[in-house]
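Because the structure is a prediction, the values reported are computed rather than measured.
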Amino acid sequence: MSNLSQEKRREMLEYIAKLKEVHKDDESIIALNQIENALTEKKYGLVWEKHTEKVDEMLKANIPVFTEDEENKITKNIEKDFNFLIEGDNLHSLKLLEKTHKGKIDVIYIDPPYNTGSKEENFSYDDNRVDKKDAFRHSKWLSFINERIEIARNLMKDDGLICISIDENEQAPLKLLCDEIFGENNYLSTHHIQVRYANKSLNEDSDWQPVMEYVYIYAKSKLLFKANKPSEDYDLSKFKFRINELTNGNTIKISNRDVTIFKSGEWDIVEEDGNINGLKETWASGSIVRQGGTAAEFLSKYLIDRKDTDGLNVLYKIHGMGIDGDGLGYRYVTGPKKKDAIRGKFYTGVPIERRAELNSGISIKTKPISNFYDFSGDFGNIRHEGKVPFNNGKKPIKLIKELINYHTNKNAIVLDYFAGSGTTGHAVIQLNKEDGGNRKYILCTNNENNICEEVTYQRLKNIQEDLPHNLKYYRTEFISKLQDDEDVLSDRLLEHIKEMVELENACEIDGIKRAIMLTQEELEEYASKEIKENTTIYIPHYLLLSRELEVRLDKKNVRIVDIPDYYFIDELREGGER
């Protein structure tokens with residue numbers, strides 16, 4: 001019905017109205033109303049056959065939780081924040097991240113399966129590989145990606161950024177999907193990434209040679225996101241001219257402006273090294289002469305044709321121009337040097353705002369961000385990065401660093417829930433080393449073919465010598481909602497609160513610098529011992545601190561952090577309603 005013409009839809013609605021007059025029983029009216037709603041619902045946008053995944057079905061009877069694998073923990077400096085690698089289906093990981101990081105993620109990068117239908121990609125849906133023969137492969141992919149991107153948007157900060165890699169197979173529907181989820185007005189760029197050299201043949205049987213992939217970039221709010229644009233020191237090299245007035249010239253009125261005329265021999269121009277007091281030379285031609293109120297327009301309109309009156313190689317000093325631009329209060333322009341010439345030049349000084357910056361010692365000029373990058377060489381040498389083999393879509397560190405660095409926050413939290421070979425984690429820590437940032441990463445991936453353990457984790461372990469950082473390894477597990485006793489369910493969920501607190505606070509609860517207490521008994525035991533100075537304790541709001549304990553904690557400069565009740569409150573409420 002989504003492709004019906006407007007006229008056909010009108011005819012069908014009229015027919016339904018007639019049927020309602022004839023069939024007035026409740027069942028018929030309900031059925032006809034449903035058909036009418038289907039005909040009148042939103043028609044512009046992406047429409048596909050929606051599918052439900054088994055991983056979604058699991059959530060109906062089970063609660064996902066995180067469990068730490070202590071053997072895979074890497075601690076280089078307990079004073080520093082922790083990064084996280086989460087093993088499990090990324091939908092379950094995202095559901096839990098909604099509890100700990102809703103509205104807290106600065107940058108998301110994902111490299112989802114491209115749905116090529118090839119054996120190499122091995123995109124699976126409900127444990128079955130989706131190949132080119134699958135009649136629903138596009139709708140399955142959209143169902144798969146849609147739910148995950150919707151959650152991703154919830155995780156983003158208001159000034160957050162998401163970057164999604166894709167190729168030709170799904171780039172068109174993905175663009176429409178992202179327009180719906182983020183809004184067209186929050187679209188920032190489609191980056192064109194050259195991933196291979198044009199002379200590198202993939203398939204000699206094909207008439208076409210794809211060399212490009214794409215990265216869609218969206219902000220949660222384009223109004224709030226400010227891109228970290230490339231910059232360079234303001235270039236003074238073009239401000240290299242100095243004009244000498246050798247006489248007083250002859251001042252006349254031209255088009256209500258005072259213009260001083262210096263004929264050939266009454267002025268000269270000196271070229272020096274570029275400096276803050278120099279002038280920049282620009283030809284008055286093209287569209288610039290059509291800009292109203294400029295020296296170029298004045299020259300074109302009133303001075304070029306004065307060759308017979310003033311002669312050639314004349315300097316004109318137009319008074320009252322440039323006051324708001326460079327503050328000079330005048331513009332120098334030169335007339336033609338040949339009889340048949342129709343152009344001249346004009347001279348401008350360093351803009352006022354730049355002059356102030358330069359006088360203070362610094363002036364940075366920003367440039368727009370390009371949407372084309374040739375990474376063919378980096379993709380060609382990618383097998384060496386991270387010292388892990390990965391033949392399915394591995395991305396170069398250089399590309400991911402470029403994307404992450406579009407966000408100005410050097411303390412950003414970066415999420416990748418299609419972590420693959422772990423490039424995003426590698427890029428985050430490498431970027432920190434280069435610019436002194438303190439970004440943190442959260443990576444999510446399943447463990448199909450042992451990818452999480454043998455590739456993603458191994459890479460993050462391999463780079464520790466050059467890029468030391470803290471890492472926790474979590475696995476997603478499940479607790480059945482169908483507990484006979486609500487207290488049993490509550491107790492089992494409490495066993496996994498520690499992981500949630502650590503994840504939300506990017507920390508290690510070691511029982512020394514940081515401690516967690518979930519029961520009144522645990523709090524009393526803590527209070528019975530010597531309290532260490534400058535430590536942190538995490539406690540739920542329902543635990544009661546005595547006045548005496550509050551005083552002791554204050555004296556020892558102990559920071560008290562409330563454990564939020566939103567981790568599993570909905571699941572516990574559902575359990576109580578059964």
Side-chain angles (χ1 to χ4, degrees), residues 1-60 91 94-95 98 102 112-115 117 123 125-126 128 130-156 158 162 164 166-188 190 214 216-223 570 574 577:
M1 286 186 214
S2 61
N3 295 320
L4 287 174
S5 68
Q6 186 176 12
E7 180 63 23
K8 186 66 175 176
R9 187 175 291 109
R10 185 188 60 78
E11 291 176 359
M12 294 180 72
L13 289 171
E14 289 177 356
Y15 184 62
I16 289 172
K18 291 178 181 179
L19 288 175
K20 284 182 178 182
E21 294 176 2
V22 177
H23 303 279
K24 298 185 179 294
D25 58 286
D26 290 344
E27 288 186 7
S28 296
I29 293 298
I30 291 172
L32 290 168
N33 282 339
Q34 289 176 341
I35 297 171
E36 186 176 40
N37 289 337
L39 285 168
T40 56
E41 66 184 3
K42 180 184 71 172
K43 291 302 178 292
Y44 176 77
L46 195 60
V47 179
W48 74 93
E49 187 79 20
K50 294 191 177 181
H51 299 262
T52 302
E53 297 178 71
K54 287 180 182 177
V55 292
D56 245 333
E57 294 294 324
M58 286 183 65
L59 298 176
K60 293 181 179 179
L91 182 61
L94 288 169
K95 293 282 188 182
E98 271 195 297
K102 188 173 183 179
Y114 288 178
N115 201 20
F123 168 48
Y125 194 90
D126 281 358
N128 295 311
V130 178
D131 58 27
K132 290 183 178 180
K133 296 179 182 179
D134 192 323
F136 293 98
R137 74 182 183 99
H138 293 292
S139 59
K140 285 180 178 178
W141 186 87
L142 280 166
S143 295
F144 168 83
I145 204 72
N146 173 66
E147 187 168 12
R148 288 159 175 80
I149 294 180
E150 284 185 337
I151 297 175
R153 186 186 182 280
N154 292 337
L155 295 176
M156 293 166 66
D158 289 340
I162 185 168
I164 308 173
I166 201 67
D167 74 355
E168 287 90 345
N169 286 278
E170 297 291 356
Q171 59 90 12
L174 178 61
K175 177 64 168 64
L176 288 173
L177 181 67
C178 288
D179 283 346
E180 286 192 3
I181 293 174
F182 297 102
E184 283 183 82
N185 54 318
N186 291 315
Y187 164 77
L188 299 177
T190 300
Y214 311 94
Y216 287 131
I217 304 179
Y218 284 79
K220 188 170 185 179
S221 170
K222 191 174 182 177
L223 295 176
D570 292 336
E574 289 174 11
E577 291 172 353

More than 12 heavy atoms of other residues, nucleotides or ligands under 6.0 Å from NZ of Lys20: is that the case?
yes
So do the side chains of Tyr187 and Lys175 get within less than 4.5 Å of each other, counting heavy atoms only?
yes
CD1 of Ile181 to CD1 of Ile162, rounded to nearest 0.5 Å, is 8.5 Å
Considering all heavy atoms of both residues, which atom of Ile149 and which atom of Cys178 are nearest to each other, and what is their separation?
CD1-SG, 4.4 Å
With the side chain counted from C-beta on, respond yes when Leu94 and Asn154 share a heavy-atom pair under 4.5 Å apart, and no when they do not.
no
Reported CG-to-CD distance for the pair Asp179 and Glu184, which is rounded to 0.5 angstrom
4.5 Å
Shortest non-hydrogen contact from Glu53 to Leu91?
OE2-CD2, 4.5 Å
Are the side chains of Glu150 and Asn146 in touch, meaning some heavy atoms are under 4.5 Å apart?
yes
In this structure, CD1 of Ile166 is separated from CD1 of Ile145 (nearest 0.5 Å) by 7.0 Å
How long is the gap from OH on Tyr216 to CG on Leu177, to the nearest 0.5 Å?
11.0 Å
Compare all side-chain heavy atoms of Tyr114 with those of Gln171 and state whether any distance is below 4.5 angstrom.
no
Does this structure show an ion pair linking Lys60 with Glu57, if we count only N-O contacts that are shorter than 4.0 Å?
yes
Flag, side chain of Ser28 to backbone of Lys24, donor-acceptor distance under 3.5 Å:
no
Is any side-chain heavy atom of Leu188 closer than 4.5 Å to a side-chain heavy atom of Phe182?
no
Measuring from atom CD of Glu36 to atom CE of Met12, what distance do you get when rounded to the nearest 0.5 angstrom?
11.5 Å
Can you find a pair of side-chain heavy atoms, one from Arg10 and one from Glu14, that are under 4.5 Å apart?
yes
Less than 4.5 Å apart, side chain to side chain, heavy atoms only: is that true for Glu98 and Leu155?
yes
Kindly give the heavy-atom pair with the smallest separation between Phe144 and Pro113, and that separation in Å.
CE2-CG, 3.9 Å
Report the distance from atom CG of Leu176 to atom CD of Glu170, rounding to the nearest 0.5 Å.
11.5 Å
